[in-house]
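Reading through the structure tokens given below for one structure.
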Amino acid sequence: MLAQAITLAESLRTEDQILANQLIEELLPLTGKSIRIGITGVPGVGKSTFIESFGKLLTTHSKKIAVLAVDPSSAKTKGSILGDKTRMEELSKDPLAFIRPTATGNTLGGVADRTREAILLCEAAGYEVMIIETVGVGQSETAVRNMVDFFLLLMLAGAGDELQGIKKGIMEMADGVVITKADGENFKKANQAQADFQHALHLFSDSDSGWKPKVITSSALEKRGINETWKLIQDYLTLTKGNGFFEKNRDQQNLVWFQESIQLLLRQQLSKSKELKQKIQTLESDILGKKILPSRAANQIINDFFKA
């Protein structure tokens, strides 16, 4: 039933969207009680393996967890493999875990169109820990920061110059960094990378939460660093709930959701008008013919839309 509700929320049909909004509004009193964790990292960093080990730790503590795994959609075919469930074989069989692969659709930022709605539905169904696994495409992963309480960045050691991997945009948003695959020949490199990243984090300005991000090493295969990750998240929650940042952050995220929804609805309304579609095609020809600036053409469309 939860899967059906998420499918309803993801539907592009107007009647389904109306019904989904009514359903979620009815369920709102049951939402907001989970811990929302965003997990990102470059492809190959071991996100699925880490999440499986982390999820199994939480279910052994009788926590109900929901994993929303976002897969990239093909720009050409619009299709998506949605293979995350097969990479979390043990966790997918756990009765306390719910795994939902979702395609990004037209959304940038490593998340899907209806990730926020899916979070609320899972919370209403009684899931206590929400894990949002992003597509893993680098700097554009920042959108997930606006829908989670704790943002965890997974990094690899030994993939070249570690400091080259420190991208200010995403590093500044991370509440914690985990150096993955810290085992075997990679153990020493992981420890060195830990020191490098921890030093680099000191170069960034203090966060509004009052939290100082920490770097730990982990081996999902050897089950090391998993307990430490959970302890890190709990320490963060204790601090931010104590100083009021936790609720303030969630309120701000709802306002961001509101603003993004306005932009999305405006785009949808623009695409529904046949007259505007024809005008857009005409203006596209003028842009290609170097007769008009793209910004001025956009202004014309917006002016015509609001006149209508």
Side-chain angles (χ1 to χ4, degrees), residues 21 24-41 51 54-55 57-58 61-68 109-111 114-134 141-154 167-178 197-216 226-263:
N21 287 337
I24 295 170
E25 283 177 357
E26 287 284 333
L27 296 172
L28 274 179
L30 302 173
T31 66
K33 299 176 180 69
S34 80
I35 299 162
R36 302 169 184 171
I37 304 165
I39 297 182
T40 191
I51 289 169
F54 184 63
L57 169 72
L58 296 179
H61 292 157
S62 301
K63 298 274 187 194
K64 286 185 72 179
I65 73 157
V67 179
L68 301 177
V111 289
R114 303 294 175 190
T115 300
R116 289 184 178 93
E117 286 85 346
I119 289 171
L120 295 178
L121 288 166
C122 289
E123 288 179 342
Y127 289 91
E128 302 162 86
V129 180
M130 300 295 313
I131 298 173
I132 296 89
E133 179 197 358
T134 72
E141 301 295 279
T142 52
V144 74
R145 189 67 190 91
N146 286 323
M147 56 184 75
V148 297
D149 306 313
F150 188 93
F151 188 34
L152 186 66
L153 175 62
L154 305 186
K167 306 296 184 185
K168 191 172 181 185
I170 198 164
M171 284 289 290
E172 276 187 321
M173 294 184 180
D175 299 305
V177 179
V178 174
F197 282 118
Q198 192 67 65
H199 176 70
L201 286 170
H202 290 310
L203 303 176
F204 299 145
S205 54
D206 292 341
S207 65
D208 295 337
S209 65
W211 170 259
K212 293 191 182 300
K214 294 178 177 61
V215 185
I216 59 177
I226 309 301
N227 273 302
E228 289 82 352
T229 302
W230 180 230
K231 172 73 166 53
L232 189 69
I233 293 168
Q234 288 177 308
D235 289 346
Y236 173 86
L237 293 171
T238 300
L239 175 74
T240 55
K241 285 183 177 181
N243 64 18
F245 177 80
F246 184 88
E247 285 301 326
K248 183 182 172 185
N249 185 47
R250 284 208 173 173
D251 289 343
Q252 187 59 39
Q253 288 176 352
N254 279 330
L255 293 180
V256 170
W257 185 2
F258 169 61
Q259 291 155 5
E260 287 178 0
S261 297
I262 292 173
Q263 293 172 14

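Side chains are part of it too, since the values below use all heavy atoms of this structure and drop only hydrogens, waters and symmetry mates. This structure is a prediction, so every number in the text was calculated from the model and none was measured.
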Looking at [X] and [Y], what are the two nearest heavy atoms and their distance?
{"X": "G38", "Y": "V144", "value": "CA-CG2, 4.3 Å"}
{"X": "K64", "Y": "A125", "value": "NZ-O, 3.5 Å"}
{"X": "V215", "Y": "Q198", "value": "N-OE1, 2.9 Å"}
{"X": "P213", "Y": "A174", "value": "CG-O, 3.5 Å"}
{"X": "N243", "Y": "T240", "value": "OD1-O, 2.9 Å"}

Problem set entry | side chain to side chain contact (heavy atoms under 4.5 Å, CB included) evaluation trace for V256 with R116 | CA-CA 11 Å; V256 170; R116 289 184 178 93; 4.0 Å; yes
[X] side chain vs [Y] backbone, donor-acceptor pair below 3.5 Å:
{"X": "N146", "Y": "Q253", "result": "no"}
{"X": "R250", "Y": "G32", "result": "yes"}
{"X": "W211", "Y": "D175", "result": "yes"}

Exercise. For T40 and L153, what are the C-alpha separation, side-chain angles and deciding distance, and is it a side chain to side chain contact (heavy atoms under 4.5 Å, CB included)?
Worked result: CA-CA 5 Å; T40 191; L153 175 62; 3.7 Å; yes
Problem set entry | D235: side-chain hydrogen bond (donor to acceptor under 3.5 Å, both in side chains) partners, not counting sequence neighbours |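 With sequence neighbours excluded, D235 shows a side-chain hydrogen bond (donor to acceptor under 3.5 Å, both in side chains) to K231, given in chain and number order.
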Can you tell me how far the [atom1] atom of [X] sits from the [atom2] atom of [Y], to the nearest 0.5 Å?
{"X": "I216", "Y": "E228", "atom1": "CD1", "atom2": "CD", "answer": "6.0 Å"}
{"X": "I35", "Y": "I65", "atom1": "CD1", "atom2": "CD1", "answer": "11.5 Å"}
{"X": "S34", "Y": "I131", "atom1": "OG", "atom2": "CD1", "answer": "10.5 Å"}
{"X": "E117", "Y": "N21", "atom1": "CD", "atom2": "CG", "answer": "7.0 Å"}
{"X": "I233", "Y": "F54", "atom1": "CD1", "atom2": "CZ", "answer": "3.5 Å"}
{"X": "T134", "Y": "L152", "atom1": "OG1", "atom2": "CG", "answer": "10.5 Å"}

Any non-hydrogen side-chain atom of [X] less than 4.5 Å from a side-chain atom of [Y]?
{"X": "F245", "Y": "Q252", "result": "no"}
{"X": "N249", "Y": "S209", "result": "no"}
{"X": "I37", "Y": "V148", "result": "no"}

Exercise. Looking at W230, F150, F151, which one forms a ring pair (Phe, Tyr, Trp, His ring centres under 6.0 Å) with Y236?
Worked result: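 Going through the options one by one, the only one that passes is F150.
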For this session: Give every residue pair that meets the salt bridge (Lys or Arg N to Asp or Glu O under 4.0 Å) criterion with at least one member in residues 236-247, sequence neighbours excluded.
Result: none
Exercise. How far apart are the C-alpha atoms of E123 and M130, what are their side-chain angles, what is the distance that settles it, and do they pass the side chain to side chain contact (heavy atoms under 4.5 Å, CB included) test?
Worked result: CA-CA 8 Å; E123 288 179 342; M130 300 295 313; 4.3 Å; yes
Exercise. What's the verdict on side chain to side chain contact (heavy atoms under 4.5 Å, CB included) for L27 and L120, showing C-alpha distance, side-chain angles and the deciding distance?
Worked result: CA-CA 8 Å; L27 296 172; L120 295 178; over 6 Å; no
